[in-house]
Amino acid sequence: MSTMPNLGAYDPAAVEAKWQRVWEERRTNAVDLRGAQRPYYNLMMFPYPSAEGLHVGNVFAFVGSDIHGRFRRLLGYDVFEPLGFDAFGIHSENYALKVNQHPGRLIPQNIANFRRQLKRVGLMIDWEHEVQTIDPRYYRWTQWIFLKLYEAGLAERREAPVNWCPECKTVLANEQVEGGYCERHPDTRVVQKVLAQWFFKITRYAERLLENLKTLDWSESTRTMQANWIGRSEGAELVFETPVGIPIRVYTTRPDTVFGATYVVLAPEHPLVERLTAGDRRGEVQAYRQRVASMDLVSRRVGAKEKTGVFTGAYARNPATGEAVPIWIADYVLMEYGSGAIMGVPAHDERDFEFARQFGLEIRQVVEPASGGGELPFTDWDGVLVNSGRFDGLPPAEAGAAIVSWLAERGAARPQVQYRLHDWCISRQRYWGPPIPIIHCEVCGPVPVPEQDLPVLLPPIEDFRPDESGVSPLARHAEWYRVPCPRCRRPARRETDVSDTFLDSAWYFLRYPSTEFDDRAFDPELTRKWLPVDTYIGGNEHAVLHLMYSRFITMVLHDLGLLPFEEPYRRFRAHGTIVKDGAKMSKSRGNVVVPDTYIAKWGADTFRMYLMFLGPYQEGGDFRDEGIAGIRRFLDKVWSVVGAAAEPAGGARGEAAGASAPGREILTKLHQTIRKVTEDLEELRYNTAIAAMMEYVNALREATGLAAGVAEGRVAPELIAPVIVMLAPLAPHFAEECWERLGHAESVFTARWPRWEEALVREEQVEVVVQVNGRLRSRLLVPRGLTQEQLVDRALADPAVRRYLDGRPIRKVVYVPDRLVNLVV
RNA sequence: GCCCGGGUGGCGAAACCGGUAGACGCAAGGGACUUAAAAUCCCUUGGGGGGCAACCCCCAUGCAGGUUCGAAUCCUGCCCCGGGCACCA
């Protein structure tokens with residue numbers, strides 16, 4: 001036993017408790033924000049503190065980000081890795097309603113529980129900069145941002161429809177409507193209700209939000225989703241004159257088909273409907289409009305249903321043909337896209353085709369395939385125009401441009417770009433959010449709350465339940481909302497809606513470095529030093545809304561001169577989703593896996609590594625716990641190698657104590673491993689990085705006789721120390737302990753990341769594959785760097801190869817240096 | 001319907017630029033150690049076939065074609081799974 005010191009078994013519980021204590025005492029995770037030489041901002045999406053606590057999906061996400069942060073730190077960066085809680089919002093509020101507790105008491109408990117669990121995972125979080133969106137010290141600045149947008153003319157109050165459940169007597173988010181029915185009352189149809197709400201004019205930034213995407217180092221999938229969400233399309237606005245003197249403007253991506261426009265359709269809410277409707281059509285048009293208005297917003301948009309609509313009795317003039325075409329209204333035309341009106345070209349649009357057939361409208365073909373004929377509707381872009389006057393024979397794209405400039409001469413057309421992106425409605429008729437800092441005065445109109453009066457505190461009312469009034473619970477509290485107008489001092493009324501949770505999370509990354517300040521949202525100097533975020537990791541479920549909104553807010557603050565950059569996240573990577581039995585984890589499915597028991601049984605390090613070993617980080621995977629023992633076995637092996645490398649009690653260490661000089665082969669393997677792990681961690685390929693380290697440790701144990709259980713097996717410390725450093729991001733407590741056992745007094749996180757030497761990475765002998773006619777026939781172990789001639793000579797000397805050549809002459813040789821030679825006969 | 005991913009052993013996966021398919025791990029089977037078990041260690045493990053043997057051959061990456069000396073990887077068509085959008089004119 002005297003030759004095997006430090007060979008106590010690996011005890012994760014003891015090791016992890018010890019190092020978490022040490023990190024806390026030494027403030028290992030705290031960063032000197034002002035003094036940092038090489039700042040690196042490593043951000044992970046902050047969680048909403050659910051009552052259930054952390055589940056393995058959260059842990060998977062955080063650990064992947066933490067590994068990246070720790071890796072950067074070992075590369076010599078001053079890594080700032082903060083975390084906080086997205087604690088306002090409907091999720092939290094609904095849960096509070098369900099368990100009938102006040103969110104103001106409940107949510108802080110959840111946060112405390114979350115924080116406790118997070119600490120157990122061993123993340124490198126700098127808790128001195130925690131942010132909670134429900135903290136008045138935070139939401140004061142959320143309200144301030146609202147005021148900034150308001151001042152910039154980017155916040156606007158207007159009427160807009162919302163989903164309303166007559167049973168819950170409350171406004172529902174679109175996600176709470178399922179097929180037209182309330183998610184909580186499956187027998188109750190959700191209806192539309194029109195309320196005055198606040199909007200942020202994000203559509204003004206559509207082009208920039210789209211254009212900048214090209215410059216960002218983001219996951220491809222995320223960029224695609226953003227681009228699709230913005231939904232840019234190019235087309236033209238065409239003008240159809242009407243008898244009432246105000247023309248109908250339609251947006252189309254196919255101006256080439258205007259000769260086939262045999263009718264016009266307005267959205268039922270279109271402002272011209274009233275004026276255009278003929279006397280004898282009034283009743284029917286009114287009835288139709290009412291029917292549409294009573295539908296919920298979601299099922300109105302479900303496509304492929306039967307088309308409905310009514311004729312207004314009026315006609316408009318097709319600007320190309322000069323013909324009078326009937327004006328209809330139909331709910332398949334949406335007021336919020338384009339101009340809320342379309343030209344109906346049934347021959348070349350599937351929806352128009354369906355509509356025309358339903359109501360017996362004329363279908364006139366104006367584009368046909370080059371081969372002639374073609375089945376309708378014909379929507380392809382390749383073809384030629386027919387029945388289109390002097391444009392006949394042109395291909396659609398060319399014809400479209402020509403038609404637009406021809407019509408433009410008469411002021412009947414102009415090219416136009418459209419976006420699908422809608423303005424951001426930030427009003428919530430709810431309790432659990434920051435009150436929107438506006439005071440409504442009968443004389444002055446909406447007046448912003450003066451900055452020095454912020455925050456507008458959310459009052460701790462007990463009756464926070466929404467009710468039939470359709471307005472925020474705050475609207476029941478006159479003692480709160482009755483205030484003098486800040487401008488004229490007359491009695492006025494506070495805005496009683498709160499803002500959307502997405503506004504809370506749209507700027508939280510700006511706050512982390514500046515949590516110490518109460519007189520500014522973010523300190524200019526610290527912000528310049530630490531932002532934009534270097535790497536942001538989060539789920540693709542936020543690929544659209546959260547990432548879009550935070551980009552928008554950042555751009556606005558930049559334009560107001562408050563930020564020196566306009567994109568918040570330099571690099572974004574979406575992690576995959578951890579599912580269980582093929583389905584997303586959710587409480588209702590009952591397949592939520594909680595990390596606590598695994599951490600208790602195996603330790604945080606084993607669990608962390610296991611999650612990362614499950615599959616590619618950016619793909620996620622199905623959680624099963626069968627393989628977790630494999631990770632533990634690996635760590636046990638490393639532990640024993642460290643024991644064999646550590647200083648023997650009372651003796652010298654390393655070579656002097658019996659470890660022979662490292663052989664070239666194992667050194668090569670080590671340097672190959674260093675290269676592989678370094679490159680893999682850089683790209684978040686954690687699963688293969690772990691595999692590479694396993695491979696190396698297996699080889700090392702083999703080479704030193706440890707595998708065979710040779711008790712005297714000794715290991716040169718320089719053969720294992722780099723592995724400990726590389727393991728540190730993945731299994732930080734374990735690595736600290738091993739590092740200490742190797743005789744280091746300082747934390748492993750003060751160590752330098754190992755470097756590989758190109759000369760050592762290259763093997764002296766390589767295995768080269770010999771193919772005959774593309775089929776593998778032999779493998780040769782040869783010195784590296786053989787020329788084609790040398791290699792062919794050796795291949796020809798191989799009886800196995802000759803057998804397949806069968807004496808035939810070689811027609812061609814394919815040669816890949818140090819890899820392969822293919823003899824074609 | 002449209003837009004992204006993805007489909008490889010019993011299982012999770014690897015193969016980064018078209019160049020040895022299945023690294024690494026799990027599970028399983030056999031063996032060593034042990035009074036026994038656990039732990040640990042060693043061997044085997046895609047399918048089929050041949051050989052006393054070191055070994056050798058054929059088939060195999062969702063399906064069908066194609067390009068290439070050579071395809072999991074590129075191209076065309078199709079099937080299935082996951083995600084996003086969804087009457088966006």
Side-chain angles (χ1 to χ4, degrees), chain A residues 9 219-225 227-229 231 233 235 250-254 257 265 298 300-305 307 330-334 336-345 348-352 354-355 418-422 540-541 543-544 574 576-577 579 582-584 610 613-616 618-631 633-634 636-637 640 676 679-680 683 685 687-696 698 701 706-709 767-779 800 803 811-816 819-825:
Chain A
S219 294
E220 192 56 43
S221 59
T222 313
R223 286 201 306 205
T224 306
M225 283 166 83
N228 290 345
W229 187 260
S233 82
V250 305
Y251 172 72
T252 178
T253 53
R254 295 297 300 268
T257 63
V265 189
V298 175
R300 157 103 187 249
R301 277 172 207 170
V302 172
K305 61 170 186 179
K307 294 277 180 292
D331 69 353
Y332 82 95
V333 176
L334 308 172
E336 62 273 20
Y337 185 75
S339 52
I342 62 151
M343 62 178 191
V345 187
H348 305 291
D349 181 279
E350 281 176 37
R351 297 149 303 183
D352 295 349
E354 211 182 305
F355 188 76
Q418 272 295 328
Y419 302 92
R420 288 183 173 205
L421 185 69
H422 289 4
N540 248 346
E541 68 271 21
V544 179
T577 317
V579 297
K584 243 185 204 167
Y610 179 61
F613 194 58
L614 219 52
Q618 301 190 55
E619 282 169 36
D622 208 341
F623 183 83
R624 11 161 255 290
D625 52 18
E626 285 86 32
I628 195 162
I631 295 289
R633 281 200 270 268
F634 168 65
D636 281 336
K637 284 178 193 170
S640 71
K676 169 94 177 131
E679 289 171 356
D680 279 356
E683 295 302 320
R685 291 190 296 250
N687 55 334
T688 49
I690 293 169
M693 287 192 270
M694 287 174 165
E695 229 181 299
Y696 171 69
N698 289 344
R701 282 162 44 83
L706 279 173
E767 196 180 54
V768 169
V769 169
V770 182
Q771 296 180 339
V772 176
N773 286 340
R775 297 188 70 97
L776 172 74
R777 294 307 180 188
S778 182
R779 298 159 223 260
R803 186 147 36 100
R811 290 193 294 128
K812 183 178 171 185
V813 176
V814 180
Y815 165 75
V816 182
R819 284 208 89 141
L820 161 149
V821 63
N822 184 11
L823 307 173
V824 185
V825 294

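Residue numbers begin at 1 in each chain, while the letters A, B, ... track the order of the sequences.
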Visitor: Restricting to side-chain hydrogen bond (donor to acceptor under 3.5 Å, both in side chains), what partner residues turn up for A:Glu220, sequence neighbours left out?
Guide: A:Arg223
Visitor: Scan A:Glu695 against the nucleic acid and name what it touches under 4.0 Å (heavy atoms): base, sugar-phosphate only, or nothing.
Guide: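 The answer is sugar-phosphate, as A:Glu695 gets under 4.0 Å only of primed atoms, P, OP1 or OP2.
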Visitor: Choose from B:C4, B:A89, B:C69 the nucleotide whose nearest atom is closest to any side-chain atom of A:Ser221.
Guide: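 Ranking B:C4, B:A89, B:C69 by closest atom to the A:Ser221 side chain puts B:C4 first.
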Visitor: Does A:Asp349 have any salt bridge (charged side-chain N to carboxylate O under 4.0 Å, His left out) partners at least two apart in sequence or in another chain, and if so, which?
Guide: A:Arg351
Visitor: Less than 4.5 Å apart, any side-chain heavy atom of A:Phe613 and any of A:Met694?
Guide: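 When only atoms from C-beta onward are counted, A:Met694 and A:Phe613 do touch, with a gap below 4.5 Å.
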Visitor: In whole angstrom, what separates A:Arg223's CZ from B:C4's C1'?
Guide: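 These atoms are roughly 13 Å apart.
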Visitor: Taking only the C1' atom of each, what is the distance from B:A14 to B:G7 in whole angstrom?
Guide: 16 Å
Visitor: As a test of your reading of the structure, name each stem of RNA chain B as range with range, where a stem is three or more consecutive Watson-Crick or G-U pairs at under 3.5 Å.
Guide: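 Listed by first number, the stems are B:1-7 with B:79-85, B:10-12 with B:24-26, B:28-32 with B:40-44, B:46-50 with B:55-59, B:62-66 with B:74-78.
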Visitor: Would you mind reading off the distance between A:Asn822 atom CG and B:G18 atom C1', rounded to a whole angstrom?
Guide: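 For the pair A:Asn822 CG and B:G18 C1', the rounded distance is 13 Å.
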Visitor: Would B:G7 be called syn or anti here, given the cut-off of 90° from 0?
Guide: anti
Visitor: Write down the distance between CZ (A:Arg633) and C1' (B:A39), rounded to a whole number of angstrom.
Guide: 10 Å
Visitor: Determine the interatomic distance between P on B:G6 and the same-named atom on B:A21; round to the nearest Å.
Guide: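 Nearest-Å result for B:G6 against B:A21 at atom P: 23 Å.
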Visitor: Between B:U61 and B:C56, how far apart are the C1' atoms? Round to whole Å, please.
Guide: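 Looking at atom C1' only, B:C56 and B:U61 are 24 Å apart.
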Visitor: Would you please say whether a donor-acceptor pair under 3.5 Å links the side chains of A:Tyr419 and A:Ser233?
Guide: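 A:Tyr419 vs A:Ser233: no donor-acceptor pair found between side chains.
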Visitor: Whole angstroms only, please: what is the CZ-P distance between A:Phe355 and B:A89?
Guide: 18 Å
Visitor: Please state the P separation for the pair B:C74 and B:A23 - nearest whole angstrom.
Guide: 23 Å
Visitor: Pick the P atom in B:C58 and in B:G70, then give their distance to the nearest Å.
Guide: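 That atom pair is separated by 16 Å.
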Visitor: Any chance you could list the contact pattern along nucleotides 9-17 of chain B? Use B for base contacts, S for sugar-phosphate-only contacts and - for none, protein heavy atoms under 4.0 Å, 5' to 3'.
Guide: ---BSS-B-
Visitor: My understanding is that only residues two or more places apart in sequence, or in another chain, count here; which of them pass salt bridge (charged side-chain N to carboxylate O under 4.0 Å, His left out) with A:Arg685?
Guide: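 Salt bridge (charged side-chain N to carboxylate O under 4.0 Å, His left out) check on A:Arg685 returns A:Asp680.
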Visitor: Report which part of the nucleic acid A:Glu767 touches: base, sugar-phosphate, or nothing (heavy-atom distance under 4.0 Å, all strands).
Guide: base
Visitor: Between the base of B:G19 and the side chain of A:Gln771, is there a donor-acceptor distance below 3.5 Å?
Guide: yes
Visitor: Please state the P separation for the pair B:G84 and B:U8 - nearest whole angstrom.
Guide: 22 Å
Visitor: Taking the six-membered ring of A:Tyr332 as reference, does the NZ or CZ atom of A:Lys307 fall below 6.0 Å from its centre and within a 45° cone about the axis?
Guide: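 That pair qualifies as a cation-pi contact.
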Visitor: Mind checking A:Ser233 for me? I need base, sugar-phosphate or nothing, with any heavy atom below 4.0 Å counting as a touch.
Guide: sugar-phosphate
Visitor: Give a yes or no on whether A:Glu350 atom CD has more than 12 heavy-atom contacts from other residues, nucleotides or ligands under 6.0 Å away.
Guide: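 Atom CD in A:Glu350 is not packed in, count stays at 12 or less.
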Visitor: When you check the glycosidic angle of B:C17, does it come out syn, meaning within 90° of 0, or anti?
Guide: syn
Visitor: As a test of reading the structure: which of B:G84, B:A89, B:C4 is closest to the side chain of A:Tyr337, going by heavy atoms?
Guide: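 Shortest atom-to-atom distance from the side chain points to B:A89.
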Visitor: Just how far, in rounded Å, is P of B:U68 from NZ of A:Lys812?
Guide: 10 Å
Visitor: I need a per-nucleotide contact map over nucleotides 47-62 of chain B, read 5' to 3'. Cutoff is protein heavy atoms under 4.0 Å; write B for the base, S for backbone only, - otherwise.
Guide: ----------SSS---
Visitor: Using a heavy-atom cut-off of 4.0 Å across all strands, would you classify A:Arg819 as base, sugar-phosphate, or nothing?
Guide: sugar-phosphate
Visitor: A:Tyr610 has an atom OH; how far is it from atom P of B:C26, in whole Å?
Guide: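 In whole Å, B:C26 P and A:Tyr610 OH are 10 Å from each other.
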